[in-house]
Structure formats: structure tokens, C-alpha cells
Amino acid sequence: MILGSFDIGAVRFGRPEYVEEAVNESAELFKEFSAARPAREASYAAALALMRGAKLDDEDRHLVAGALNVRVREQGGRKPIGHARFIELLEEYSVDAAKGELWSLTWFGLLCSHFEFDPAAATAEELRGWSALRGLLQDTWPQISDEAGREVFPDWVKVLREFPELLTERAGDKLGADYLQGDETVVRRIASDLAVPETSWFWHAVVLGAVGSSTKLSDTRFKESLSRLLALVKSRPVYRDEALIEILSRYQRCAQPTLHSELRDYVVSKDVWRNPKLRAAGLATTWNRVSDSVWRMVLKWVNDANLRDFFEVLAARGNADEGRLAFWSQYLDQIEWTRLVFSAHTRQLAASNAGIKNLIAREEGSFATLSTNADVDAFMMQLGNYVVVEFSRVPNAAYVYKADELPFEPNARTYSGTTSDLKRGYHEECAARILHRAPWEDDAAYQLRRLGIHPDEKKREARRVPKTPVHEVTKTAEAGRSAPPAIQTTEAGSKAGNSLGTIGAPRGAKFTMDALRTIVGQYPGAQITDRRSEGGRLWIQDPQLRFKLDAHLKGLGFKWANTRDAWYYPEN
């Protein structure tokens, strides 16, 4: 029948071109035949027999190879690839291959089952079966390739010889660069030759390959590719988490990892990784898969957005900013945590105000609500050891509380917004109370500075100040910082510091000089200056203004001097 289809009777012998044409036609026919799939009914029957525990003959093993992802109705819709007997079947295929008895068409059926697999809809057992199947294909491919020869072979053999990584976990790596640029020519050819369906894991792997390709680009080109990358990840989300880990880690390594709003909004959405603030509460555990520096980068993006949205979207409704956005933006780098507390009125406005709707959506799972003050919203932010509570409308004051002595539960779902919780500081039960009566900024900055909270720029300048040698410490005033004159000054913990003990600890002090040097010595750059031999005081200066050292010194009885930006021990 096949020979008859070549119409040999019409060929005039002695003409080589006709012979070549017939050979090519037969080769194409062979390639199509070598990719033929068994009838569905027969394959389904073999799959059912496997799952029922029946003994399979050679034909059954051939038939079931291409039906591993079929849902078998009689078995509750389960698939053979996740069945307990599947591993035994793979061992039989492996034995056949070792004997040279594994038919290439059977192997092609296994290959098709491999590419038909959809991890998004798979159980844990099916995922394990798929992984085992991939292992068998990797092990037996060299032998199948050898048996296919080098003259006439099917297209799927050609594809696997050109792209052997298709049988590995990183199947899309080589294809990612073109796919990222929107060129799907090669990918579509591979999909056609290997009979890859649209639901296959293969497409997700190509997206992951595109992500990997983008991370090798320059900072500028990488950032330019992000919109395309995110669109690909959204369309093929099986490896979404792996893709986001690579994207976020690469972004954090950029010279300027400034806010990328599209990336932030996608990754913090409730259906993806959720708000990074929820990590500590165990409600957004995927954030544990990235480094702290990556997590802090996105957390800063969220905190920045919350601060700006609170004053630009919420407070602006009542023209009540009063310069507060500009003021608090000076401390943005130090904000470790934020929380928005929405009034009933704001939640109602979300139905008609896109800005408020997006804000509430971004804070899904982390915001709180107010049970009173229907038209007033609140904003919490942690600066070092303190939590500031601001309100969207004046004349409400801002209250600064010690983070470890809050008069309310920071993770509560609802607050009254009165003197019973957020405004408890009205009764002086707070570290500072800021009134927004113009000009209020100077007084607010003074109160924060008294607590050791300085604007970001001053923090950065302090970090850039080199360690001051003992003999030059009196020059620090020339650098714009007033420092106590030094008679006995040293970096705590240095050899000179060990000799700083000619005068004992102040009378009534809770520490010895050796203990004080040990404490201060834990903070490189911090200095002890002792002027008591000339009638002065014992001073401690820390150019980096570290909060933990501040807490230690305050606990020992030291006082803060705003005029000198240093701590002193108040002796009578």
C-alpha cells in the first residue's frame, strides 16, 4: 500500500531526480510514522489496566507510555503518572532500554507524556512521578539517539540533539533570550516537533529562561525588560516564585535599586507574595526565600508609598498636610515598619476613588480600621526604638511612643483612635507629642533629636565622618558638630582606652569604667571623653548615633546633650 502510494509506474527509470524525489517522500513518511500516537481508546484501556494492578504485556507498556497524564474516570480522575505502580513501570522501561529492546515509538510516547505534564494542576505524587519520568528520559536518551542513526530520523530526534537541555529542569534557558524579545519562532518550532500543548510546563520554563537571560543584562536594559518579564510571568505563573526571586535579587544588585512601582505592586498583591510587613507574622512566608537586603528593599518601597499616599491621598482630602509629608520624608530611610489605619469613610470611598482603592488593595492583610472618628485615618511608622502615630486631619497631634512600651497592640485589627489607645499620649503617656501649629517643624525636629532620631542626611553624614584620632578630637567642632573638649579621649576598646581609668566611675554610678569601655567598645567609632580631672564631665560620643548604644547609656543614667550631640553623665 505504501509503495503503491509512490506511483512508481509513472516514473521513468534512468532519471536520478525521480529516484531522489521518491527517497525524500519516503523519508518524510517515515518521520511522520515515527511520531505517530496510538489510538486514545487503546491507550486509555492500558492506563486503566496499570492502575487496577493488572499485568501489562509489551503492547500495553507501549500504549500507556503516551497516556500517563490521562485522567482515569474509574480511578476517581487520578492520573497514571501519580500512581504507585508508575515507578515500577519506569523500572521495566529501564530494563528494556538496557537490553536494547525499548522501542523508539514507546520512548517518544514517554517524551510526549513528559511535555504534556502541567505542574499547576498536579498533586505531590504526580510531581514525583514526573520527576522520575524526566530522569528515565535523560538516562536513556543517548541510546535512543544512537539507534535513530544519522541519515533518516524523525524531527523530534533532531530537536533533542540540538537542544538536549529540554530533558532537564532548565529546559528554557537557551530559548529565553529570544522569547524575552518577543521572538517565538524557535520555541514554536520546538513545540510543534515535540507535540507540546499550550498547558505544558515547557512554556513556563521558557519564561524562567527569559528571566535568567534578563538578569545578565546591564542595569538599564534589565530595568527596561521588567514590564515584558512581568507580563510573561503573569501569563505562565508555574515558576512564578522562582522567577520573582531572580528578578528581585537582580534588581537589588542594581547600582540604583530605586522604586519600581509595577514590580512592587505585582509582588505585594494578595494573590502573589503579599505585603512584606506580614513576614514576621508568618502570613507572607515566601519572603523568607529572599535575602534580608531584598526584603528590606521592597519593604522600603512599601513604607515610602504608605507615607506618601497617607499624606497625598488621605490627608490631602481635608487640605491637612501642613508640610508633614516633606517633614517625615526626611526620615524615610529609617522607617522600619508602617501601618495604615483606615476610617469607615475612607473604606467607603474606595468604591469611587481609584487611588484609595489601590492603597487598600496593596495593604490587604496588614491594615487596621478605626471604630470611631469616622472621617479620620491614622498612620503608624517605626523609627528605631520609637513608633510615631500621625493622623490625617488637624488639630490631631502626632504621638511618639517607645516601641517596647506601646499603650496599644501594634497588630490589632481595630482601634478606637481615641485616648484609650492611639491618642493615649494626650495624657503625657508618650515620649513626645508633636503639635502641628506653624511653624511646628523646628520643635518636632528638636523633640525627635532629643530621642536620638535625626534626619537621614545627617545620619549619612555621620556615617561618612572618619574615625577621629585622639590628638585631633578637638577639631570635630570645625566639621560642624560640637564636641566636648578632650583631655582623655579614645575609641572605646582600643589600647589607649584600656589606660583610660585614672579616675574611677562617677559616684553612685551603676557601672565601672571597665564595664563602660566594654559596652561602648561594641560600637566601632564611639568615643569616651573624660574631662572630670578638670572639673568637667564624662562624655560619650557616637558619630553613627546608634540606637542600641543610646538605650544602654540611658539605662546607665547618661543624659543627652543636644548642643553637643553627645551623652554625658550628670554628676552633682
Side-chain angles (χ1 to χ4, degrees), residues 256-259 296-297 299-312 315 320-339 379-392 394 397-403 425 430-468 476-483 523-527 540-551 553-554 558-567:
Q256 295 182 328
T258 51
L259 168 66
R296 289 185 182 281
M297 174 186 72
L299 182 64
K300 184 178 183 302
W301 291 351
V302 171
N303 290 337
D304 185 358
N306 284 352
L307 177 65
R308 297 184 185 283
D309 286 346
F310 181 77
F311 290 112
E312 291 181 349
D321 182 0
E322 302 293 333
R324 287 181 288 171
L325 174 58
F327 178 79
W328 291 115
S329 291
Q330 299 177 94
Y331 303 87
L332 187 59
D333 290 347
Q334 302 167 65
I335 297 178
E336 302 176 12
W337 170 83
T338 58
R339 195 172 191 211
F379 178 66
M380 303 180 195
M381 55 184 156
Q382 182 169 358
L383 297 170
N385 295 326
Y386 296 90
V387 171
V388 180
V389 180
E390 266 279 22
F391 294 89
S392 62
V394 293
Y399 300 95
V400 184
Y401 302 99
K402 290 184 179 180
C430 61
R433 181 170 174 238
I434 298 173
L435 301 176
H436 304 102
R437 296 170 183 166
W440 62 273
E441 289 89 345
D442 289 344
D443 178 65
Y446 168 78
Q447 292 199 59
L448 294 175
R449 190 166 59 248
R450 179 174 55 84
L451 300 175
I453 304 173
H454 298 257
D456 296 334
E457 186 56 39
K458 290 186 178 180
K459 284 278 188 181
R460 287 191 286 270
E461 289 175 356
R463 295 188 186 103
R464 290 196 290 266
V465 173
K467 295 180 180 179
T468 309
T476 55
E478 301 174 9
R481 292 180 60 85
S482 176
Y523 303 88
Q527 298 173 338
I540 296 177
Q541 188 175 28
D542 177 18
Q544 296 188 35
L545 304 171
R546 284 161 289 204
F547 297 108
K548 289 186 178 180
L549 178 57
D550 292 352
L553 297 176
K554 190 173 183 180
F558 281 80
K559 300 292 184 182
W560 176 256
N562 285 306
T563 56
R564 295 183 175 181
D565 278 352
W567 292 89

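Please read these numbers as outputs of a predicted model, since none were measured by experiment.
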Using 0.5 Å steps for rounding, measure from the [atom1] atom of [X] to the [atom2] atom of [Y].
{"X": "Phe310", "Y": "Glu390", "atom1": "CZ", "atom2": "CD", "answer": "6.5 Å"}
{"X": "Leu549", "Y": "Ile540", "atom1": "CG", "atom2": "CD1", "answer": "6.5 Å"}
{"X": "Ile335", "Y": "Asn306", "atom1": "CD1", "atom2": "CG", "answer": "9.0 Å"}
{"X": "Leu383", "Y": "Asp333", "atom1": "CG", "atom2": "CG", "answer": "11.0 Å"}
{"X": "His454", "Y": "Gln330", "atom1": "NE2", "atom2": "CD", "answer": "12.5 Å"}
{"X": "Trp560", "Y": "Leu553", "atom1": "CH2", "atom2": "CG", "answer": "9.5 Å"}

Review point. Could you go step by step and tell me if Val400 and Ile434 meet the side-chain contact (heavy atoms from CB on, under 4.5 Å) rule?
Key: CA-CA 8 Å; Val400 184; Ile434 298 173; 4.3 Å; yes

Can you give me the closest heavy-atom contact between [X] and [Y], atom names plus distance?
{"X": "Lys300", "Y": "Leu332", "result": "NZ-CD2, 4.2 Å"}
{"X": "Cys430", "Y": "Tyr399", "result": "SG-CD2, 4.4 Å"}
{"X": "Ala432", "Y": "Arg450", "result": "CB-NH2, 4.0 Å"}
{"X": "Phe327", "Y": "Ala444", "result": "CZ-CB, 3.6 Å"}
{"X": "Trp301", "Y": "Thr258", "result": "CZ2-O, 3.5 Å"}
{"X": "Pro455", "Y": "Gln334", "result": "C-NE2, 3.7 Å"}

Point to revise | Those residues that, when tested against Asn385, pass side chain to side chain donor-acceptor pair (under 3.5 Å) (two or more places apart) | key: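 Scan of Asn385 (side chain to side chain donor-acceptor pair (under 3.5 Å), adjacent residues dropped) gives none.
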
Practice item. Verify, without hydrogens or angle tests, whether Glu441 (side chain) and Asp443 (backbone) share a donor-acceptor contact under 3.5 angstrom. Key: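 No; judged by distance alone, with no hydrogens or angles, the pair does not exist.
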
Point to revise | Side-chain (Arg308) to main-chain (Ser329) donor-acceptor, under 3.5 angstrom | key: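 Looks like no, no N/O pair under 3.5 Å.
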
Review point. If we only count heavy atoms from C-beta on, is the Phe379 to Trp328 side-chain gap below 4.5 Å?
Key: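 They are not in side-chain contact.
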
Practice item. Kindly indicate whether the side chain of Leu448, heavy atoms from C-beta on, has any atom under 4.5 Å from the side chain of Tyr331. Key: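 Yes; the side chains approach each other to less than 4.5 Å.
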
Exercise for review: Return the set of residues passing side-chain contact (heavy atoms from CB on, under 4.5 Å) with Lys402 (not counting sequence neighbours), or none when no residue passes.
Suggested key: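 Per chain and number, Lys402 pairs via side-chain contact (heavy atoms from CB on, under 4.5 Å) with Tyr386, Asp404, Glu405, Lys554.
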
Practice item. Mind checking side-chain contact (heavy atoms from CB on, under 4.5 Å) for Leu435 and listing every partner two or more places apart, or none if nothing turns up? Key: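 Expected list: Ala397, Arg433, Arg437.
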
Check your understanding: Angle class for the Trp440/His436 ring planes (parallel below 30°, perpendicular above 60°, tilted otherwise)?
Key ->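 The arrangement is perpendicular - the two ring planes meet at more than 60°.
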
